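Only heavy atoms go into these numbers, but all of them, side chains included; no hydrogens, no water, no symmetry mates. Here the structure is a predicted model, which means the values were calculated and not measured.
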Amino acid sequence: MPELPEVETVMRGFRDAFEGHRISHVSVNRPDLRWPFPADLREKLEGHHVLSFRRRAKYILMRLEGGWSMLLHLGMSGRLTIGRAGTNATPPAHEHLVLETDSGARAGLVDPRRFGMVDLVRTAEEDSHRLLAHLGMEPLSDAMMGPALADLFRGRRSPIKSALLDQKLIAGLGNIYVCEALFRCGIHPERQAGTLTGEETAALAEAILQILEQAIASGGSSLRDYVQADGTKGGFQDLHLVYGREGAPCPNCGAGSPIQRMTQSGRSTFFCPTCQK
């Protein structure tokens with residue numbers, strides 16, 4: 001599933017092509033994805049100017065004049081491709097939603113497995129939407145600091161990796177970037193969250209911010225289905241230090257301590273057993 005840097009990258013490509021322009025045409029090519037498309041989606045979008053964009057966790061919000069926002073989640077295999085309308089190119093398979101603007105921009109939502117979703121919400125009520133209301137702190141916000149993490153983790157006996165993936169605590173972090181952040185901080189993924197010191201939570205907050213910013217600058221991580229809005233792959237997968245590198249030498253410890261993989265809550269965790277304590 002695309003994680004925060006991938007969603008942020010897609011959102012920025014969408015914003016660059018659509019912000020400030022009027023949506024001139026909407027095509028809904030099937031009745032549903034994970035859930036049915038809103039019955040009035042075309043009515044709420046066509047003829048309206050796009051005012052701005054926002055990302056909340058792994059959701060994209062496109063805000064329109066008239067007080068409505070389109071909420072988009074890419075699901076497991078979804079991707080949003082940005083191009084030009086009227087090129088006569090054959091539409092890709094599994095393209096379920098198409099938006100075009102008066103400037104000639106075209107966005108197509110391609111989702112072979114149909115785990116994505118599209119909904120409408122009043123812009124003033126975005127944060128109370130049923131999918132957003134429970135979400136925790138944004139990791140790219142000013143709130144992402146050591147003391148805030150210490151408050152979140154205080155008294156928690158769950159593994160630190162599980163706490164970081166808990167969307168009710170921190171919104172948008174995913175498996176790849178949590179593995180990478182814990183490695184950079186030398187924190188073992190099975191450590192109880194409540195045992196981290198103030199120094200460790202400060203280092204962890206800084207590592208999370210740095211990794212996410214680096215991943216966004218690299219266009220995200222392309223492992224399977226994900227591509228950027230222009231169709232190109234991201235590049236951060238080439239910078240992974242531990243994720244997907246089971247058996248490789250630890251970048252810190254060398255060949256004497258190869259990267260290991262274990263399963264936590266059904267997900268693969270990659271770590272160094274020597275330098276992560």
Side-chain angles (χ1 to χ4, degrees), residues 2 4-56 58-123 126 215-222 225-235:
L4 187 154
E6 290 77 57
V7 176
E8 178 73 17
T9 300
V10 170
M11 186 274 290
R12 292 182 184 186
F14 198 7
R15 179 190 64 196
D16 291 347
F18 273 65
E19 190 171 272
H21 300 289
R22 182 177 62 85
I23 295 180
S24 57
H25 180 69
V26 176
S27 295
V28 181
N29 300 328
R30 60 169 297 110
D32 57 8
L33 295 176
R34 186 174 182 181
W35 298 296
F37 282 106
D40 56 348
L41 182 64
R42 183 179 288 108
E43 173 188 338
K44 291 295 192 297
L45 299 185
E46 274 191 353
H48 294 86
H49 281 84
V50 179
L51 302 180
S52 63
F53 284 81
R54 174 196 180 198
R55 179 197 50 75
R56 179 70 170 114
K58 300 175 187 178
Y59 296 88
I60 296 172
L61 288 144
M62 179 176 70
R63 294 157 160 181
L64 300 135
E65 63 178 350
W68 287 95
S69 296
M70 185 185 80
L71 179 66
L72 168 65
H73 192 278
L74 296 174
M76 295 291 291
S77 61
R79 65 184 189 273
L80 192 71
T81 59
I82 305 295
R84 302 298 298 173
T87 60
N88 296 321
T90 302
H94 310 292
E95 186 177 68
H96 307 309
L97 175 67
V98 177
L99 309 179
E100 297 179 359
T101 71
D102 55 0
S103 64
R106 181 186 190 276
L109 176 60
V110 178
D111 189 358
R113 300 177 68 184
R114 301 202 305 272
F115 287 153
M117 56 77 59
V118 172
D119 202 1
L120 291 168
V121 59
R122 285 283 185 184
T123 302
E126 287 175 354
I216 292 168
S218 300
S221 296
S222 290
D225 300 296
Y226 166 73
V227 293
Q228 300 181 68
D230 63 2
T232 61
K233 291 184 177 181

In sequence, state the C-alpha distance, the side-chain angles, and the governing distance for E19 and F14, and then conclude on side chain to side chain contact (heavy atoms under 4.5 Å, CB included). CA-CA 8 Å; E19 190 171 272; F14 198 7; over 6 Å; no
Run the salt bridge (charged side-chain N to carboxylate O under 4.0 Å, His left out) test on R106 and E95 for me, step by step, so that the C-alpha distance in whole Å, both residues' side-chain angles and the decisive distance to 0.1 Å come before the verdict. CA-CA 12 Å; R106 181 186 190 276; E95 186 177 68; 2.7 Å; yes
Could you walk me through whether F53 and L61 pass the side chain to side chain contact (heavy atoms under 4.5 Å, CB included) test, one step at a time? CA-CA 6 Å; F53 284 81; L61 288 144; over 6 Å; no
May I have the step-by-step check of side chain to side chain contact (heavy atoms under 4.5 Å, CB included) for L33 and M117, ending in yes or no? CA-CA 6 Å; L33 295 176; M117 56 77 59; 5.5 Å; no
V50 and H21: CA distance, side-chain angles, deciding distance, side chain to side chain contact (heavy atoms under 4.5 Å, CB included) verdict: CA-CA 6 Å; V50 179; H21 300 289; 5.9 Å; no
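Nearest approach of I23 to L45, heavy atoms of both residues: CB-O, 3.5 Å. Taking both residues in full, the closest heavy atoms of V28 and R42 are given as N-NH2, 3.6 Å, listed atom of the first, atom of the second, then distance. L80 and A107 make their closest contact through CD1-CB, 4.3 Å (heavy atoms, listed as atom of the first residue, atom of the second, distance). Here the closest non-hydrogen pair linking S77 and D111 is OG-OD1, 3.2 Å. For the residue pair L74 and L109, the shortest heavy atom distance occurs at CD2-CD1, 4.0 Å. In terms of heavy-atom proximity, R63 sits nearest to S69 at CG-OG, 3.3 Å.
The backbone N or O of S103 lies less than 3.5 Å from a partner atom in the side chain of T101, making a donor-acceptor pair. A donor-acceptor pair is defined here as one N or O able to donate and one able to accept, closer than 3.5 Å; such a pair exists between the side chain of E46 and the backbone of V26. Judged purely by atom type and a 3.5 angstrom limit, R113 has no side-chain atom pairing as donor or acceptor with the backbone of F115. Although no hydrogens or angles enter the test, the distance criterion places a donor-acceptor pair under 3.5 Å between the side chain of E65 and the main chain of H49.
Using a 4.0 Å cut-off between charged nitrogen and carboxylate oxygen, K58 and E6 do not count as a salt-bridge pair.
Annotation: R22, atom CZ; neighbour count of heavy atoms from other residues, nucleotides and ligands within 6.0 Å is above 12.
Looking at heavy atoms from C-beta onward, R55 lies out of side-chain contact with R12 at the 4.5 angstrom threshold. Annotation: side chain of M70 is in contact with side chain of L99 (closest heavy-atom distance under 4.5 Å). Residues L72 and L97 are not in side-chain contact: their nearest non-hydrogen atoms beyond the backbone lie 4.5 Å or more apart.
To the nearest 0.5 angstrom, I60 atom CD1 is 11.0 Å from R15 atom CZ. Taking CE of M11 as the reference point, atom CZ of R56 lies at 13.0 Å (rounded to 0.5 Å).
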